[in-house]
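To start, the structure under review is shown below, and the notes come after it.
If you read the sequence from its start, that first residue is 1, and numbering goes on from there.
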Amino acid sequence: MRAAIALTICALSALLAAARGSEKPATAAVAAVGVAAAGDLLRSGGHRYLDVRTEEEFRDGHVKDSLNVPYVFFTSQGREKNPQFIEQVAAHFDKQDNIVVGCKSGVRSELACFDLMAAGFENVNNMEGGYDAWVENDLAVKKPQAQDEL
């Protein structure tokens with residue numbers, strides 16, 4: 001399992017390097033928040049949650065009231081960055097909105113934050129540990145209904 005995680009991190013690092021090669025790098029570091037702080041921000045009503053996992057991952061369970069815009073797609077050729085990511089996010093968020101960005105473990109969401117910041121989004125926070133940490137901390141999730149699985 002550790003080998004698979006290491007391989008995923010390496011692949012996503014390569015994706016980040018490729019993305020940065022084609023765009024101006026963000027000048028500021030990505031702000032990171034733990035899952036408890038993210039939950040507080042979301043409950044306060046001043047922040048919204050952007051889930052950048054795949055649609056399949058999102059359907060298996062997600063943070064309540066989150067919006068799903070995949071950052072990458074898993075294809076037969078491997079991982080491919082969503083070429084419409086910024087446009088799809090911009091259709092739902094203003095560049096001044098307070099956004100908590102999450103994925104499965106916090107890696108894709110950090111990459112997504114860099115891209116969002118480079119595109120002019122001002123208030124993005126990467127949720128450390130991602131959805132896995134959210135679930136491990138027993139925070140509320142929305143799971144599919146049994147009838148949805150039929």
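Pairs passing the salt bridge (Lys or Arg N to Asp or Glu O under 4.0 Å) check and including a residue from residues 61-76, sequence neighbours excluded, do not occur.
For the atom pair Glu57 CD and His62 NE2, the distance stands at 13.0 Å (nearest 0.5 Å). Taking CG from Leu116 and CD from Glu122, the interatomic distance works out to 12.0 Å, rounded to the nearest 0.5 Å. Atoms CG and CH2, on Leu42 and Trp134 in that order, are 5.0 Å from each other to the nearest 0.5 Å. Leu50 CG to Tyr71 OH: the interatomic distance, rounded to the nearest 0.5 Å, is 12.0 Å. With rounding to the nearest 0.5 Å, the separation of CG in Asn123 from NZ in Lys95 is 13.0 Å. Here Asn125 contributes atom CG and Leu41 contributes atom CG; the two are 6.5 Å apart, rounded to the nearest 0.5 Å.
Side-chain atoms of Lys81 and Asp115, non-hydrogen and from C-beta on, do get closer than 4.5 Å to each other. Counting heavy atoms from C-beta outward, Asp51 and Val63 have side chains that stay 4.5 Å or more apart.
In the hydrophobic clustering of this structure, Val89 groups with Val124; members are Ile, Leu, Val, Met, Phe, Trp, Tyr whose side-chain heavy atoms approach within less than 4.5 Å, directly or through other members. Under the 4.5 Å side-chain heavy-atom criterion for grouping Ile, Leu, Val, Met, Phe, Trp and Tyr, Val72 is not connected to Met127 through any hydrophobic cluster. Val100 and Val69 sit in two unconnected hydrophobic clusters of ILVMFWY residues. Membership requires side-chain heavy atoms under 4.5 Å apart, directly or through other members. In terms of hydrophobic clustering, with Ile, Leu, Val, Met, Phe, Trp and Tyr side chains grouped at heavy-atom distances under 4.5 Å, Val33 and Leu111 are assigned to different clusters. Residue Phe73 is not grouped with residue Val107 when hydrophobic side chains (ILVMFWY) are merged at heavy-atom distances under 4.5 angstrom, including chains of intermediate members.
Taking all atoms of both residues into account, the shortest heavy-atom contact from Pro70 to Phe85 is O-CD1, 3.5 Å. Between Cys103 and Ser109, the closest heavy-atom pair is SG-N, 3.3 Å. Nearest heavy-atom pair across Asn82 and Gln88 is ND2-OE1, 2.8 Å. Counting all heavy atoms, side chain and backbone alike, Thr54 lies closest to Arg108 at N-NH1, 3.9 Å. In this structure, Glu87 and Pro83 approach most closely via the heavy-atom pair OE1-O, 3.6 Å.
Although no hydrogens or angles enter the test, the distance criterion places a donor-acceptor pair under 3.5 Å between the side chain of Arg48 and the main chain of His92.
With 3.5 Å as the limit, one finds no donor-acceptor pair spanning the side chains of Ser105 and Asp132.
Tyr49 is linked by a ring-ring contact (aromatic ring centres under 6.0 Å, His included) to nothing, counting only residues two or more places apart in sequence or in another chain.
Salt bridge Arg53/Asp60: absent, no basic N to carboxylate O contact under 4.0 Å.
Residue-environment remark: CD (Glu55) stays at or below the threshold of 12 foreign heavy atoms within 6.0 Å.
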